[in-house]
Amino acid sequence: MAKKEKHSIQVDFLDLKNKFKANQLTTEQVDQITCKLIAEMAVLTVNGITEINGVSIDLYKDRVWWIVEKAGLLPEYRDEEDDLGEVEIEDDYYNDEDDFGCEIDDSKFYK
């Protein structure tokens with residue numbers, strides 16, 4: 001019985017995983033390898049491929065994403081509210097000043 005030939009994504013991922021665990025790669029190398037793997041898996045996904053030699057392609061996506069997160073390749077998450085900053089709301093409901101600046105001539109309404 002012939003042994004199944006490993007797919008390039010399997011080979012590249014195993015190499016990445018082993019070298020990443022052994023701390024043998026720089027951040028730039030991890031970035032390059034993970035970008036290549038993500039791009040290859042994207043092409044396979046677009047072409048309808050869901051498995052690589054019996055293993056779900058989504059599992060490979062999760063594994064690569066885990067390495068991306070652990071390597072610190074993602075920018076720090078910032079919520080939209082963080083960008084707005086602190087805004088103090090001034091309560092002026094009870095001010096006596098008329099904000100509209102117009103006067104109504106009551107004589108036109110009451111005869």
Side-chain angles (χ1 to χ4, degrees):
M1 184 179 197
K3 190 175 181 180
K4 277 189 177 179
E5 189 174 316
K6 288 190 176 184
H7 193 277
S8 65
I9 288 182
Q10 289 176 305
V11 174
D12 291 346
F13 174 74
L14 288 174
D15 187 47
L16 169 66
K17 181 181 88 169
N18 293 331
K19 287 181 179 178
F20 181 75
K21 284 186 174 183
N23 203 20
Q24 296 175 341
L25 298 171
T26 66
T27 304
E28 290 81 21
Q29 290 172 320
V30 173
D31 187 33
Q32 290 172 354
I33 295 168
T34 55
C35 284
K36 178 182 173 243
L37 282 168
I38 291 168
E40 288 177 16
M41 288 187 289
V43 170
L44 291 175
T45 301
V46 167
N47 290 329
I49 306 297
T50 58
E51 289 186 356
I52 298 172
N53 290 338
V55 178
S56 170
I57 196 167
D58 290 336
L59 183 58
Y60 282 106
K61 291 175 187 176
D62 288 339
R63 291 174 175 172
V64 171
W65 192 252
W66 182 86
I67 292 175
V68 167
E69 289 177 330
K70 290 297 179 190
L73 297 174
L74 299 175
E76 184 177 329
Y77 177 75
R78 294 188 63 178
D79 198 351
E80 287 182 21
E81 292 176 5
D82 293 342
D83 294 336
L84 299 177
E86 295 287 327
V87 177
E88 186 175 327
I89 299 173
E90 184 179 325
D91 183 9
D92 60 353
Y93 183 77
Y94 294 105
N95 285 351
D96 290 334
E97 296 178 23
D98 185 8
D99 289 339
F100 299 109
C102 66
E103 292 184 26
I104 298 175
D105 185 8
D106 290 342
S107 66
K108 292 182 180 177
F109 296 105
Y110 302 106
K111 290 190 180 189

Q. What are the two closest heavy atoms between Ile57 and Met41, and how far apart are they?
A.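 Minimum heavy-atom contact is CD1-O, 3.9 Å.
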
Q: Write down the atom of Ala71, the atom of Val30, and the distance for their closest heavy-atom approach.
A: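 Shortest heavy-atom contact: CB-CG1, 3.8 Å.
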
Q | Listed once per pair and sorted, the salt bridge (Lys or Arg N to Asp or Glu O under 4.0 Å) pairs that draw on residues 21-33, sequence neighbours left out | A |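 Every pair satisfying salt bridge (Lys or Arg N to Asp or Glu O under 4.0 Å) with a residue in residues 21-33: there are none.
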
Q. Does anything in residues 34-45 pair up under salt bridge (Lys or Arg N to Asp or Glu O under 4.0 Å), and if so which pairs, sequence neighbours excluded?
A.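 For residues 34-45, and leaving out neighbouring residues, the salt bridge (Lys or Arg N to Asp or Glu O under 4.0 Å) pairs sorted by first residue read Asp12-Lys36, Lys36-Glu40.
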
Rounded to the nearest 0.5 Å, what separates atom [atom1] in [X] from atom [atom2] in [Y]?
X     : Y     : atom1 : atom2 : answer
Leu74 : Glu69 : CG    : CD    : 6.0 Å
Leu16 : Arg63 : CG    : CZ    : 12.0 Å
Ser8  : Asp15 : OG    : CG    : 12.5 Å

(Q) Considering only residues two or more places apart or on different chains, which pairs with a residue in residues 24-58 satisfy ring-ring contact (aromatic ring centres under 6.0 Å, His included)? (A)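 Those involving residues 24-58 do not exist here.
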
Q.
Suppose the criterion is ring-ring contact (aromatic ring centres under 6.0 Å, His included): which pairs have a residue in residues 6-34, not counting sequence neighbours?
A.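 Only Phe13-Tyr60 qualify under ring-ring contact (aromatic ring centres under 6.0 Å, His included).
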
Under a 4.5 Å side-chain heavy-atom rule over Ile, Leu, Val, Met, Phe, Trp and Tyr, are [X] and [Y] clustered together?
X     : Y     : answer
Leu59 : Val68 : yes
Val11 : Val64 : no
Trp65 : Ile49 : yes
Val46 : Leu37 : no

Q. Hey, does Leu44 have a side-chain heavy atom less than 4.5 Å from the side chain of Ile9?
A.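 Yes, close enough: below the 4.5 Å cut-off.
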
Q. For Asp58, which residues count as a salt bridge (Lys or Arg N to Asp or Glu O under 4.0 Å) partner, sequence neighbours excluded?
A.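 Once residues adjacent in sequence are excluded, the partners of Asp58 under the salt bridge (Lys or Arg N to Asp or Glu O under 4.0 Å) criterion are Lys61.
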
Q: Would you please test Ile33 and Lys19 for side-chain contact (heavy atoms from CB on, under 4.5 Å) and show each step?
A: CA-CA 11 Å; Ile33 295 168; Lys19 287 181 179 178; over 6 Å; no

Q: Give every residue pair that meets the side-chain hydrogen bond (donor to acceptor under 3.5 Å, both in side chains) criterion with at least one member in residues 48-57, sequence neighbours excluded.
A: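 Qualifying pairs, neighbours excluded: Gln10-Asn53.
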
**Q.** Other residues, nucleotides, ligands: >12 heavy atoms within 6.0 Å of Gln24 CD
**A.**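 Check passes, neighbour count above 12.
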
